[in-house]
Trainee: 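I have a structure I would like to understand better, so I am pasting it below and will then ask my questions one at a time.
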Amino acid sequence: MELTKNYEPKAIENKWYSYWKDHGFFRSVPDEREPFTIVIPPPNVTGVLHLGHMLNNTIQDVLIRKARMSGKNACWVPGTDHASIATEAKVVGMLRERGIKKSDISREEFLKYAFEWKEKYGGIILTQLEKLGASCDWERTRFTMEEDLSDAVLDAFIQLHKKGYVYRGLKMINWDPSAKTTLSNEEVIHKEEKSKLFYIKYMLEDSDSFVSIATTRPETLLGDTAICVHPSDIRYQQLHGKRVLVPLVNRLVKIIADDYVEMEFGTGALKVTPAHDTNDYELGKKHGLETIDMMNDDGTVSEAGQLYVGMDRMACRKQIVKDLELAGLLIKTEEIQNKIGYSERTNVVVEPRLSLQWFVDMKEMVKPALEHVMNDDIQFHPERFKNTYKHWLDNIRDWPISRQLWWGQQIPAWYTEDGALVVAKTKQEAILAFKEQGIEVHENMIKQDEDVLDTWFSSWLWPISVFDGFKDPNNADINYYYPTNVLVTGWDIIFFWVARMIFAGYEFKDEKPFQHVYFTGMVRDLQRKKMSKSLGNSPDLLALIDTYGADGCRFGILACSPAGGDLIFDSPFDSKTKQVLNQSPLCEQGRNFCNKLWNALRLLKGLEVVAGKNEENAVAIDWMNQKLNKFATHYHQSFEQFRLSELLIDLYKFIWDDFCAWYLEMIKPIYQQPIDAYTLKETIRIFEQLLSLLHPFMPFITEEIWHELGERSERDCMIVHPILQGSSFDEHTIQLGEEVKEMIVSLRDIRARSGLKNTALIKTYFTSEEPEKHAAWHKKIMRLCNSEVFECVAKEVADAQTFVIKSNTYFVITGIELNVEHEREKLQKELTYVEGFLKSIHIKMSNEKFVNNAPAAVLEAERKKLADGEAKQKALIESLEKLQ
RNA sequence: GGGAGUUUAGCUCAGCUGGUUCAGAGCAUCUGCCUUACAAGCAGAGGGUCACAGGUUCGAAUCCUGUAACUCCCA
């Protein structure tokens, strides 16, 4: 079949993805080979594929495909996590549309709807990964809420509770009033904002004087139970122990002294609201203050607040300021910058709130996790993330794991009406556990904890639980695949995931979960803003794939992604609408690269072949082979160092420049002449080897070309073909070729500057002490520069344009009158350069300290430079003299 | 307030343990080409005081100190 002029990815990508899948090439089962395992950082079920996923998963696919082609048993486990808060919000939204209120249905009914939602939408992101070419073992797809994984979560909880790591306690937590749940510190995003600082009068008991207090959250005064000043603040010393009236509610509270107060901030006097501020809570405990919880779980004012009951806290803030003003209690308002915490999931202002929650004590788990990262048992790429990791671990706090939601694993804790508590997996076990404590209960006398566990309490077990390491701790899969080889993830979730997975690895398996962690950067737009759904600055990935092909997009995203560093994705914005466009010059470059490969294929397929071997091509084939061996060595080293982005560019240059622009031009027969069978065979072999190196990065086109290049049996596919390994190479052969390239470039330059037509012939002569050095190349040089003569001569050729490479001088007769002045300038310029070069070496060599201190190899290199330079200098001077 | 990182060509980045006149690559730009694999292409060219100031060294983009700007994390 005739090949299309341009590469058309769409049909080809669909074809090969199904072919790979149908032939089980993604499938992995334990065998005698060495395993290479990656577990996907589970994207959350509510997600759609964005550029971050594309980056992350392309890298994983590159690593997996490379391993597969290197003879390893490559296993990439896909899956999703249940994203409790985000999903619950989606499900509540879906119910609302159907006219159902969450509060009107039971937990069981709600979960039914949630699973229904997950079945419908939860798989979208995984099918989108297929479009990218992700070679996951889909038969292994897991989900954090499926039964076995949920069991693992409960087992882990129970086990940690037995050890005393999991406990229940009353603490100040971050409350999301929209999702009505607690959040961990990591789920709160602090943003710097302009806020108002209100100065409020607190009247002294039985007096006309007052203390003025500055606060950004005036509504919380409903919960005030003291005022605090610094003990050595002379402004307030006479007031210690006196009482003031809390404005509007007129509650009498004490003035206490504590050196926690900053004298410089505000008025130096602090209102104390133990129920709604972490520091105030500590003060309250210390000074035995009453705690008044003035807020309901939805952020409205509670009965305990007395006033404004039922009003939202933000509305209340406005109203209370008005009322304070009316009452003459508002002194002034200032604008300040401060940080406000927002919920990562619902984007509402997070409220500190006192609450009874479940926590994990991290003290013991931190120890091995820190040790094994610091001693490189687990390696981070780039390494500097060890610092961040260490800092967090050194300052770790207990992990709040309960969430006031339904979508998640319900906490396996059981209570009697009297508040007695046991932790047990089932109700039956709970009853027995109570019995052991001497408490006799019936089924209907105990209740399970209403709350669920944090999603991250599921995902931290992922590298173990996907292989059923909890359910069946010694099964074949876990023994074979664990520990996994590499985790690829964004550095933004180093705490959520990476650290906690390491905790879990050592806690439950006494072994690391992975050998390497590869941190990717954040994907940013051209203004360096983080790409996000809310900003709408992310191009539509599927549209990009549609335009440039999956291979083109993979190239585009990888080409600009240094490990760990942020990545500026080059999608331009429409200057009028400010909308991001589904375009990308880098992906376009990737697409063009595909086209280049495609046309190299067309060239080879379009040639007529004759039997035999054209000896003239031997030098080119040899040169290409040596270069390829050298490149393959570099290729595998780059993988070991995870330098994927640079490697891809190197590969691009190697294929485009060395293979297509040089090699193919060298061996390409004259128009309408046939190629000899030997050269074609060798060329196809080289092409195939290059394809094997490129396949991990650009799987579809390489597979397609692989099949176009030869008759293949059903399972003879690029995806499972052995990748080219590095082998020894002859540097001398390579350098000779590079010198020839330099010659040709100079000759072409002369042609171009002389304005010669492509068809015009030139004559080339040269002087050389080693006339035979490039003999094998002469025919190729003549061909590539359209030179009818290429000969060594004993002395200079008159009226010729000249240039010098090493100590050889080249003379070119173009048939166009020589511009002597121009020629002289050119040579003089080069001579000046060489002489400067030589001077710098002379200075070095005459420096005794240099000669004495520099290593022998450096000295040797300097001497060689000197000799080469002097030879060139001599040749240039001679040519210049000739021009006089 | 504590910490990390970045600063090299118009843009995005390499430059690993100081050692070629070391200042690189890709893209973009400019010039000339529709040369039957490819105009999604070919052949060429120009472009930088390596943020700034000191220091160490025979030698610094590279190591040290300080300054500035930007980014991020934690409190």
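Residue numbers start from 1 in every chain, and the chains themselves are labelled A, B, ... in the order their sequence lines are given, proteins ahead of strands. Bear in mind that the values here come from a model prediction, so they are computed numbers and not experimental data.
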Trainee: What is the distance, to the nearest angstrom, from the CG atom on Asn786(A) to the P atom on C33(B)?
Mentor: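 Rounded to whole Å, this separation is 17 Å.
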
Trainee: Do any N or O atoms of the protein come closer than 3.5 Å to N or O atoms of nucleotides 22-25 of chain B, and which pairs are they?
Mentor:
{"from": "A25(B)", "atom 1": "O2'", "to": "Lys653(A)", "atom 2": "NZ", "distance (Å)": "2.9"}

Trainee: Can you check the Glu588(A) CD to G26(B) P distance for me, whole Å?
Mentor: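 That distance rounds to 17 Å.
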
Trainee: Mind listing the N/O atom pairs, protein and nucleotides 43-45 of chain B, below 3.5 Å?
Mentor:
{"from": "G44(B)", "atom 1": "O2'", "to": "Asp749(A)", "atom 2": "OD1", "distance (Å)": "3.4"}

Trainee: Looking at every strand, decide which applies to Tyr652(A) at a 4.0 Å heavy-atom threshold: base, sugar-phosphate, or nothing.
Mentor: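 Contact class for Tyr652(A): sugar-phosphate only.
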
Trainee: Between Arg751(A) (side chain only) and Cys785(A) (backbone N and O only), is there a donor and an acceptor less than 3.5 Å apart?
Mentor: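 Judged by distance alone, yes, a pair lies under 3.5 Å.
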
Trainee: Donor-acceptor pair, distance only, cut-off 3.5 Å: does the side chain of Asn582(A) make one with the backbone of Ala543(A)?
Mentor: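 Here the side-chain-to-backbone pair does not exist.
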
Trainee: State whether Lys865(A) and Glu860(A) are salt-bridged, where the test is any N-O pair (Lys NZ or Arg NE/NH1/NH2 against Asp/Glu carboxylate O) under 4.0 Å.
Mentor: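 Judged by the 4.0 Å cut-off on N to carboxylate O distance, Lys865(A) and Glu860(A) do not form a salt bridge.
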
Trainee: Do NZ/NE/NH1/NH2 and the carboxylate oxygens of Lys872(A) and Asp868(A) come within less than 4.0 Å?
Mentor: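 Between Asp868(A) and Lys872(A) there is no salt bridge, as every charged N stays at least 4.0 Å from the carboxylate O atoms.
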
Trainee: Using side-chain heavy atoms (C-beta onward) and a distance below 4.5 Å, is Ile805(A) in contact with Ser746(A)?
Mentor: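 Of all side-chain heavy-atom pairs linking Ser746(A) with Ile805(A), at least one is under 4.5 Å.
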
Trainee: Apply the ring pair (Phe, Tyr, Trp, His ring centres under 6.0 Å) test between His516(A) and each candidate in Phe380(A), Phe639(A), Phe642(A); give the one that qualifies.
Mentor: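 Looking at Phe380(A), Phe639(A), Phe642(A), the match for His516(A) under the ring pair (Phe, Tyr, Trp, His ring centres under 6.0 Å) is Phe642(A).
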
Trainee: Summarise how protein sits on nucleotides 70-75 of chain B as a single string, 5' to 3': B when a protein heavy atom is under 4.0 Å from the base, S for sugar-phosphate-only contact, - for no contact.
Mentor: --S-BB

Trainee: Which atoms of nucleotides 47-49 of chain B (N or O only) lie under 3.5 Å from a protein N or O atom, and what are those distances?
Mentor:
none

Trainee: Can any side-chain N or O of Ser645(A) pair as donor or acceptor with the backbone N or O of Leu558(A) at less than 3.5 Å?
Mentor: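 Yes, the answer is positive, given that a donor and an acceptor are paired below the 3.5 Å cut-off.
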
Trainee: I'd like the P distance from G32(B) over to G24(B), given in whole Å.
Mentor: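 Per the computed distance, 26 Å lies between those P atoms.
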
Trainee: Are Phe659(A) and Phe687(A) an aromatic pair by the rule of ring centers under 6.0 Å?
Mentor: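 Ring centres of Phe687(A) and Phe659(A) closer than 6.0 Å.
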
Trainee: Rounded at 0.5 Å granularity, tell me how far CG in Asp398(A) sits from NZ in Lys363(A).
Mentor: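 Going from the CG atom of Asp398(A) to the NZ atom of Lys363(A) covers 6.0 Å.
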
Trainee: So that I can tick it off, tell me whether Lys653(A) and Asp657(A) are bridged by a salt bridge, with the cut-off set at under 4.0 angstrom between side-chain N and carboxylate O.
Mentor: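 No, this pair does not count.
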
Trainee: Determine the contact category for Cys594(A): base if any of its heavy atoms lies under 4.0 Å from a base atom, sugar-phosphate if only primed atoms, P, OP1 or OP2 are that close, otherwise nothing.
Mentor: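 The answer is nothing, as Cys594(A) stays clear of every strand by at least 4.0 Å.
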
Trainee: Would you mind telling me which residue lines up with the more 5' stretch of RNA chain B, Pro585(A) or Phe593(A), judged by nearest nucleotide?
Mentor: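 Between the two, 5'-proximity favours Pro585(A).
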
Trainee: Would you confirm whether Ser754(A), through its side chain, and Leu756(A), through its main-chain N or O, come within 3.5 Å as a donor-acceptor pair?
Mentor: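 Answer holds: no.
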
Trainee: Which of these nucleotides, A37(B), C42(B), G5(B), is closest to any side-chain atom of Arg384(A)?
Mentor: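 The nucleotide sitting nearest to the side chain is G5(B).
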
Trainee: Measure up the Trp491(A) and Phe385(A) rings against each other and bin them: parallel (under 30°), tilted (30 to 60°), perpendicular (over 60°).
Mentor: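 The arrangement is parallel - the two ring planes meet at less than 30°.
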
Trainee: Just to be sure I understand the rule, does Lys5(A) reach a base, reach only the sugar-phosphate, or reach nothing, if contact means heavy atoms closer than 4.0 Å?
Mentor: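 Result for Lys5(A) = sugar-phosphate.
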
Trainee: Got a list of protein N/O to nucleotides 58-63 of chain B N/O distances below 3.5 Å?
Mentor:
{"from": "C58(B)", "atom 1": "O2'", "to": "Asn847(A)", "atom 2": "ND2", "distance (Å)": "2.7"}

Trainee: Grab the CD1-P distance between Ile568(A) and G10(B) for me, whole Å please.
Mentor: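 Rounding to the nearest Å, CD1 of Ile568(A) and P of G10(B) are 17 Å apart.
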
Trainee: Using the side-chain heavy atoms of Asn592(A), tell me which of these nucleotides is nearest: A14(B), G41(B), G26(B).
Mentor: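 Nearest to the side chain of Asn592(A) among the choices is G41(B).
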
Trainee: Of the nucleotides C42(B), G5(B), C16(B), which has the atom closest to the Asn387(A) side chain?
Mentor: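 When the side chain of Asn387(A) is considered, G5(B) is the closest of C42(B), G5(B), C16(B).
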
Trainee: Just by distance, no angles: are the side chains of Ser787(A) and Thr764(A) close enough, under 3.5 Å, to form a donor-acceptor pair?
Mentor: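 Their side chains do contain a donor-acceptor pair, which is all the 3.5 Å distance test asks for.
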
Trainee: Quick one: do Lys627(A) and Glu731(A) make a salt bridge, cutoff under 4.0 Å?
Mentor: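 No, this pair does not count.
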
Trainee: Work out how far the C1' atom of G10(B) is from that of C73(B), and round it to whole angstrom.
Mentor: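 Going atom to atom, C1' in each nucleotide, I get 32 Å.
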
Trainee: Could you state the atom-to-atom distance from CD1 of Ile841(A) to P of U20(B) in whole Å?
Mentor: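 Nearest whole value for this atom pair: 11 Å.
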
Trainee: Rounding to an integer number of Å, can you tell me how far Gln589(A) CD sits from C13(B) C1'?
Mentor: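 About 13 Å, once rounded to whole Å.
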
Trainee: Using the ring of Trp662(A) (Phe, Tyr or Trp, six-membered ring only), decide whether Arg748(A) places NZ or CZ under 6.0 Å from its centre and within 45 degrees of its axis.
Mentor: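 Checked: cation-pi criterion met.
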
Trainee: Report the distance from atom CG of Asp570(A) to atom P of C27(B), rounded to the nearest whole Å.
Mentor: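 Going from Asp570(A) (CG) to C27(B) (P), I get 13 Å.
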
Trainee: Closest nucleotide of RNA chain B for Lys668(A) versus for Glu835(A): which of these residues is on the 5' side?
Mentor: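 Mapping each residue to its closest nucleotide by heavy atoms, the 5'-most match is Glu835(A).
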
Trainee: Looking at the rings of Phe555(A) and Tyr548(A), which for Trp means the six-membered one, are their centres under 6.0 Å apart?
Mentor: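 Here the rings of Tyr548(A) and Phe555(A) have centres that are no less than 6.0 Å from each other.
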
Trainee: Is the shortest side-chain N to carboxylate O distance from Asp546(A) to Lys10(A) below 4.0 Å?
Mentor: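 Counted as a salt bridge, because a side-chain N and a carboxylate O are separated by less than 4.0 Å.
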
Trainee: What stems, by residue range, does RNA chain B take part in, given at least 3 consecutive Watson-Crick or G-U pairs under 3.5 Å?
Mentor: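 The stems are B:1-7 with B:68-74, B:10-13 with B:24-27, B:29-33 with B:41-45, B:51-55 with B:63-67.
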
Trainee: How many whole angstroms separate atom CH2 of Trp656(A) from atom C1' of G41(B)?
Mentor: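 Taking CH2 of Trp656(A) and C1' of G41(B), I get 8 Å after rounding.
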
Trainee: Is the closest basic N to carboxylate O distance between Glu646(A) and Arg643(A) below 4.0 Å?
Mentor: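 The answer is yes: the pair qualifies as a salt bridge.
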
Trainee: Within this structure, what is the OH-to-C1' distance between Tyr7(A) and A39(B), rounded to whole angstrom?
Mentor: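 Checked: the OH to C1' distance equals 21 Å.
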
Trainee: Parallel under 30°, tilted from 30 to 60°, perpendicular over 60°: which one fits the rings of Trp456(A) and Phe496(A)?
Mentor: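 Answer is parallel, since the angle falls under 30°.
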
Trainee: Please pick, from C13(B), G26(B), A14(B), the nucleotide with the shortest atom-to-atom distance to any side-chain atom of Glu646(A).
Mentor: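 Selected nucleotide: A14(B).
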
Trainee: Using atom C1' of each nucleotide, how far apart are U21(B) and U17(B) to the nearest Å?
Mentor: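 Comparing C1' positions in U21(B) and U17(B) gives a spacing of 23 Å.
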
Trainee: Is any side-chain N of the basic residue among Asp376(A) and Lys386(A) closer than 4.0 Å to the acidic one's carboxylate O?
Mentor: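 So Asp376(A) pairs with Lys386(A) through a salt bridge.
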
